[in-house]
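For reference, the structure is listed below as C-alpha cells.
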Number of protein chains: 2
Amino acid sequence: MTARTTSAKTLGARTLGEGARDIPEATVARLPVYLRALTSLAEAGTRTCSSEDLAAAAGVNSAKLRKDLSYLGSYGTRGVGYDVDYLRYQIAREIGVTQDWPVVIVGIGNLGHALANYSGFRSRGFRVVALLDADPERHDEVVAGVDVRPFDDLEQIVADQGVAIGVIATPALAAQDVADRMVACGITSILNFAPSVLSVPEGVDVRKVDLSIELQILAYHEQRKAQTA
Amino acid sequence: MTARTTSAKTLGARTLGEGARDIPEATVARLPVYLRALTSLAEAGTRTCSSEDLAAAAGVNSAKLRKDLSYLGSYGTRGVGYDVDYLRYQIAREIGVTQDWPVVIVGIGNLGHALANYSGFRSRGFRVVALLDADPERHDEVVAGVDVRPFDDLEQIVADQGVAIGVIATPALAAQDVADRMVACGITSILNFAPSVLSVPEGVDVRKVDLSIELQILAYHEQRKAQTA
DNA sequence: CTCGTTTTGTTCTCGCGTTCACAAACTCCT
DNA sequence: AGGAGTTTGTGAACGCGAGAACAAAACGAG
C-alpha cells in the first residue's frame, strides 16, 4: 500500500478546487523546456509530434516526458501523438505564461542590463515594468525602453502595477535589504542573481541563479577527468 | 597538488584508485555554496564554526551539511566544529578552484558583457582569456580588459592557453555550432546560456543556465498562490 | 468488422538524496 | 581524573524521481 496520504497539513490551503493537482517540482522545472521545444517545433511547421519527437527536442527521455505530461492531463492521442499547438497552449496555461506578469528588476549593473534586454522574458508574458537602482548616477539612463528609477520608488510601482515577481541583480551585500523591501510591499516571488543566501518569510518563493557556482561544478568534473586520464 | 590526502585514519576503504572517490552530484552542487559561506565567515573574523553555523550561512539543513562534508573526509573536530580556513581550503581543493582555469566566452552581447565583467569568476580561479564574437563590428571593443576577437581564433586560443572550459552566450541558433567547434578543438566542459538543447559527445559536460525558465517556474508557483487565495 | 500497428498513459521497481537519531569523540569544569 | 556538555560522523528509514515495461486506446488496411 503506497500511503499516498497527501497529508492535509503539508499542502495546507492548496487543497481546494480540483485544479489544485500537485505537480512534482522536478516536472514543473521541465515544463518550460517542453514549452520551448514545442514552440520550436511549431515554428518549423510541425503540427503533430510523438513523445519521442518532443523528448528529443527537449533533450529528455521519452518515458519521463510522458509521465510529466500525464500530470497535466491526457492531452495526447494514442497511436497518433500530441497536437503541437494544443499541447503548447495547455502547458503555457498550466505554467501561467498565458497571463501577463509585471516584473521589477533591481540593480542595473552589467547583469541588470542584460536581463532588461533579454528578449526571452517579454516573449513569455513577463513585462519589465521598472528598473530600479540605488545609485543616483544611473537614474538618467534608459535601458531597453524603460528608464531607471530610484530604488525608493519600489513601493509605489509594485502597488500601481500589481507586481508579484521581483528580480535582484545587485551586489551581494545589498541583496537581503532589497529582498526585505520587496517582501514588505507584497512581492511573493524573487529571482535572485546575487551570490547570497536570502532569508524570507513563509509563502515567499526564492529561486537563485549563481553564475560562478555553475562554473565551479564544471571545474570539479574537469579536475576529475584530468586525474583519471 | 593532488596530494592524495588519504585521510590517515580511515584508510583501507578508499584505497581503490585515485578518482574512485565518488561524491554524489547533489553534494558537488552544494560545495560551492559552502565555500562561499566559509569565505563570508572568514571575512567576518570567524575562526571556527559548528555545522549549525555553517548550515545557517549556507541556507541548508545541518544534517545534510555534515553528510556532504563527510564525503570529503573527516575535517571537523567533535565537540568543537570546523576550522574555517582549513575546511575552506579542503573544499576549494576538492572542487578544483585552487587551480587556475582559463575560460573562453563566446558571444559578447549583453549577457556576454555581464559575464566578462563578473568578478565572481576571477576570484575563484577562473580567468577569462578570450572573448570571441562572430560579428566583426565588435572586434574593436575591449571588455573587462580583454579585447574581443573573431570567433575563428577559437582553435588557436584554446591550444595556446590550454582552455578546457567554454561559455556560450550567443543566440540560440548559433549555440550548437559554437559547441561543435568548441568540442572539436578540445574543450570538455561547456556552460550554456543560450536557450537551446546542445548535443555533445560522451565525455563532454554541459551545464545550462536559462534565465527565462527560472522566471517561468516562479510564475507557476505564483499562479498557484493566486488560485488558492 | 477485425486485425495489426502505433503511441499514449500508467504501474512497478530501483536507486538516489534527505532527514532522523545516536554513538563516538572532544572540551571544559570541578 | 572524571563527569557533564557539545558536536561530529554515520547507520537506517523514508520519500521522491527516473526509467523500464506493459496494457489501453486510436487509426488504417483489407
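Throughout, protein chains are lettered first and strands after them, A, B, ... in sequence-line order, and every chain is numbered starting at 1. Here the structure is a predicted model, which is why all the values come from computation and not from measurement.
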I'd like to know if the side chain of [X] and the backbone of [Y] have a donor-acceptor N/O pair within less than 3.5 Å.
{"X": "R224(B)", "Y": "Y220(B)", "answer": "no"}
{"X": "T46(A)", "Y": "A42(A)", "answer": "no"}
{"X": "Q223(A)", "Y": "E94(B)", "answer": "yes"}

Quiz item: For the residue pair L115(B) and A169(B), what are the closest heavy atoms and their distance?
Solution: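 Taking every non-hydrogen atom into account, CD1-CB, 4.1 Å.
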
Could I get the full list of side-chain hydrogen bond (donor to acceptor under 3.5 Å, both in side chains) partners for [X], not counting sequence neighbours?
{"X": "S40(A)", "result": "none"}
{"X": "D210(A)", "result": "S212(A), R36(B)"}
{"X": "R181(A)", "result": "D152(A), E155(A)"}

Quiz item: Going by atom types only, do Q90(A) and R93(A) share a side-chain donor-acceptor pair under 3.5 Å?
Solution: yes

Quiz item: Would you say the side chains of E222(A) and T188(B) form a donor-acceptor pair under 3.5 Å?
Solution: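 Yes, because at least one side-chain N or O of E222(A) sits under 3.5 Å from a partner of the opposite role on T188(B).
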
Provide, to the nearest angstrom, the distance between the [atom1] atom belonging to [X] and the [atom2] atom belonging to [N].
{"X": "E25(A)", "N": "dC16(D)", "atom1": "CD", "atom2": "C1'", "value": "12 Å"}
{"X": "D83(B)", "N": "dC26(C)", "atom1": "CG", "atom2": "P", "value": "16 Å"}
{"X": "L72(A)", "N": "dT10(C)", "atom1": "CG", "atom2": "C1'", "value": "15 Å"}

Quiz item: Taking only residues at least two apart or on different chains, which pairs with a member in residues 61-88 of chain B satisfy salt bridge (Lys or Arg N to Asp or Glu O under 4.0 Å)?
Solution: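 Listed once each, the pairs are R30(B)-D68(B), D85(B)-R88(B).
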
Quiz prompt | Interface residues of residues 41-56 of chain A with DNA chain C (non-hydrogen, below 4.0 angstrom) | solution =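 Output list: S50(A), S51(A).
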
Exercise. Specify the residues of residues 85-92 of chain A, ordered by number, for which at least one heavy atom lies under 4.0 angstrom from an atom of DNA chain C.
Key: none

Self-check item: Note, L215(A) side chain near V97(B) side chain (heavy atom, < 4.5 Å)
Solution: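 No, side chains not in contact.
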
Exercise. Taking the side chain as every heavy atom from C-beta outward, state whether K208(A) and L198(A) have any atom pair closer than 4.5 Å.
Key: no

Exercise. Write out all pairs satisfying ring pair (Phe, Tyr, Trp, His ring centres under 6.0 Å) with one or both partners inside residues 78-100 of chain B, taking only residues at least two apart or from two chains.
Key: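 Every pair satisfying ring pair (Phe, Tyr, Trp, His ring centres under 6.0 Å) with a residue in residues 78-100 of chain B: Y75(B)-Y86(B).
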
Exercise. Could you tell me whether the phosphate oxygens of dG9(D), OP1 or OP2, come under 4.0 Å of any side-chain nitrogen or oxygen in Y82(B)?
Key: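 Indeed, a polar side-chain atom of Y82(B) lies that close.
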
Quiz item: Which residues satisfy the salt bridge (charged side-chain N to carboxylate O under 4.0 Å, His left out) test with R122(B), sequence neighbours excluded?
Solution: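 R122(B): no salt bridge (charged side-chain N to carboxylate O under 4.0 Å, His left out) contacts found.
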
Quiz prompt | Listed partners of R47(B) passing salt bridge (charged side-chain N to carboxylate O under 4.0 Å, His left out), at least two apart | solution =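 Partners of R47(B) under the salt bridge (charged side-chain N to carboxylate O under 4.0 Å, His left out) test: none.
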
Pairs under 3.5 Å (N/O, protein and nucleotides 18-21 of chain C):
unit_1: dT18(C); atom_1: OP1; unit_2: R30(B); atom_2: NH1; d: 2.9
unit_1: dT18(C); atom_1: OP2; unit_2: R30(B); atom_2: NH1; d: 3.4
unit_1: dT18(C); atom_1: OP2; unit_2: R30(B); atom_2: NH2; d: 2.8
unit_1: dT19(C); atom_1: O4; unit_2: K67(B); atom_2: NZ; d: 3.2

Distances for protein N/O vs nucleotides 28-30 of chain C N/O pairs under 3.5 angstrom?
none

Collect all protein-nucleotide pairs involving nucleotides 23-30 of chain D in which both atoms are nitrogen or oxygen and the distance is under 3.5 Å.
unit_1: dA24(D); atom_1: N3; unit_2: R78(A); atom_2: NH1; d: 2.8

